[in-house]
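To keep things clear, I will list the structure first and then write my remarks on it.
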Amino acid sequence: MSFVEYSELIQEGDVVIIFLGHDSMMPIKVESGAQTQTRYGAIRHSTDLIGRRFGSKVTCSKGGWVYVLHPTPELWTVNLPHRTQIPYTTDIANITLMLDLKPGSIVCESGTGSGSLSHAILRTIAPNGHLHTVEFHAQRAEKATEEFRDHKVGHLVTVRNQDVCKEGFGVLGVADAVFLDIPSPWEAIIHAKKAFKRRGGRLCSFSPCIEQVQRTCEALLDHGFEEICTLEVLQRVHDVRSVTLPLPDFGPEGGTDKTKIASDPLPEEVPPSTNPSYSSVTCRTATPPREMAGHTGYLTFATKPRG
Ligand SMILES: C[S@@+](CC[C@H](N)C(=O)[O-])C[C@H]1O[C@@H](n2cnc3c(N)ncnc32)[C@H](O)[C@@H]1O
């Protein structure tokens with residue numbers, strides 16, 4: 001099992017996602033002899049997991065069943081152990097697109113935090129790209145390193161335990177893209193600029209507050225970045241339902257001018273208001289919500305030009 005390559009069978013040491021329901025999943029590390037308790041009973045790793053196919057339905061000791069899923073960055077984002085605030089898949093999808101990430105890209109990131117974004121970046125830049133991720137909190141840097149190794153993506157990432165605002169990313173002139181998710185991104189712009197390749201690249205900074213965005217945009221302008229734009233990604237979930245609407249009364253079919261064409265047969269005149277099949281119509285419709293909660297943060301993108 002690897003986060004960047006699909007495997008058929010579950011093996012000792014793999015991470016699997018136990019799916020109990022759409023709102024109830026948990027990641028576990030498979031160890032022979034171990035058991036995991038769920039509300040449907042115990043899952044015995046040796047007999048229930050090892051050697052089974054990813055996606056299998058597994059019956060637990062109390063008779064209930066779960067699915068065992070192959071991990072993906074999206075499933076990891078909603079199941080990872082939180083050590084920090086994290087970006088979610090709606091923002092991550094836009095970050096990946098707008099940073100133009102692809103297999104082979106070299107990316108610099110700070111802070112690593114809980115590794116939510118890192119996993120998505122790694123899946124996109126595999127098999128020959130590289131992620132340089134900087135985290136100044138020693139335990140978070142250590143935990144992320146351990147997880148990347150366990151998830152078989154360690155060869156694609158270098159974790160550095162340092163302050164990106166003081167010491168930068170630890171690499172110069174290599175990056176195609178830079179991502180910042182720190183409280184004072186404006187202090188790291190100078191280091192981002194130095195990390196980029198000579199031909200330039202794309203930068204993204206994620207900030208929850210507009211004041212942080214303003215300072216970051218000023219720093220980006222001061223350092224010669226172009227195409228600066230900030231956006232907020234909101235999910236607009238449409239509510240699908242059936243509605244019954246009254247039909248307007250347009251009068252009898254064929255009009256009321258009975259003298260218009262003498263040869264026309266007159267339609268059967270049933271006033272719509274007295275004919276139940278014409279007075280209303282039921283249809284399926286989708287309505288957007290009136291209010292949209294869910295501000296996660298502002299995404300500021302910019303281009304570092306050549307030179
Ligand atoms: C919001 S979290 C990042 C979450 C991360 N993007 C993820 O996907 O899980 C911010 C992280 O940045 C780290 N951090 C803050 N300032 C930093 C700095 N100057 N240098 C390096 N890391 C920093 C914090 O310790 C924290 O772990």
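Indexing begins at 1, ligand by ligand and atom by atom, following the structure's order.
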Any chance the side chains of [X] and [Y] put a donor and an acceptor closer than 3.5 Å?
{"X": "T282", "Y": "T244", "result": "yes"}
{"X": "T112", "Y": "E135", "result": "no"}
{"X": "T84", "Y": "S114", "result": "yes"}
{"X": "T158", "Y": "H130", "result": "yes"}

Going by the atom numbers of ligand 1, which of them fall below 4.0 Å from some non-hydrogen atom of [X]?
{"X": "T84", "answer": "2 (S), 4 (C), 26 (C), 27 (O)"}
{"X": "I86", "answer": "9 (O)"}
{"X": "Q162", "answer": "20 (N), 21 (C)"}
{"X": "P87", "answer": "6 (N), 7 (C), 8 (O)"}
{"X": "Q85", "answer": "1 (C), 2 (S), 4 (C)"}
{"X": "D163", "answer": "18 (C), 19 (N), 20 (N)"}
{"X": "G113", "answer": "3 (C), 4 (C), 9 (O), 27 (O)"}
{"X": "G115", "answer": "7 (C), 9 (O)"}

Neighbour count >12 (heavy atoms, 6.0 Å) for atom CD, E5: no
Can you tell me if CD on Q85 sees more than 12 non-hydrogen neighbours from other groups inside 6.0 Å? no
From [atom], work out which of [options] has a heavy atom at the shortest distance.
{"atom": "atom 22 (N) of ligand 1", "options": "F169, F136, F206", "answer": "F136"}
{"atom": "atom 15 (C) of ligand 1", "options": "P183, G168, S114", "answer": "P183"}
{"atom": "atom 26 (C) of ligand 1", "options": "R160, K166, R140", "answer": "R140"}
{"atom": "atom 7 (C) of ligand 1", "options": "T133, T112, V134", "answer": "T112"}
{"atom": "atom 11 (C) of ligand 1", "options": "E109, H191, E187, E135", "answer": "E135"}

Applying the side-chain hydrogen bond (donor to acceptor under 3.5 Å, both in side chains) test to S116, which of D91, T89, T77 qualifies? T77
Give yes or no for whether the N/O distance cutoff of 3.5 Å, strictly under, is met between [X] and ligand 1.
{"X": "F179", "answer": "no"}
{"X": "S118", "answer": "no"}
{"X": "I182", "answer": "no"}
{"X": "D181", "answer": "yes"}

For the aromatic rings, using the six-membered ring if either is Trp, is the centroid distance between F169 and H132 under 6.0 Å? no
Any chance you could lay out the salt bridge (Lys or Arg N to Asp or Glu O under 4.0 Å) test for E146 and K143, step after step, and finish with the verdict? CA-CA 5 Å; E146 200 181 293; K143 189 72 191 139; 3.1 Å; yes
At what distance is the nearest protein heavy atom to [atom], and which residue and atom is it?
{"atom": "atom 12 (O) of ligand 1", "value": "G111 CA, 3.4 Å"}
{"atom": "atom 20 (N) of ligand 1", "value": "V164 N, 3.0 Å"}
{"atom": "atom 8 (O) of ligand 1", "value": "L117 N, 2.9 Å"}

Close side-chain approach of [X] to [Y], heavy-atom, < 4.5 Å:
{"X": "I189", "Y": "T216", "value": "yes"}
{"X": "Y40", "Y": "W65", "value": "no"}
{"X": "R123", "Y": "F3", "value": "no"}

Apply the hydrophobic cluster definition, ILVMFWY joined by side-chain contacts under 4.5 Å directly or through others, and give me every member besides V240. none
How does S110 reach ligand 1, by side chain, by backbone, by both or by neither, if only non-hydrogen atoms under 4.0 Å count? side chain
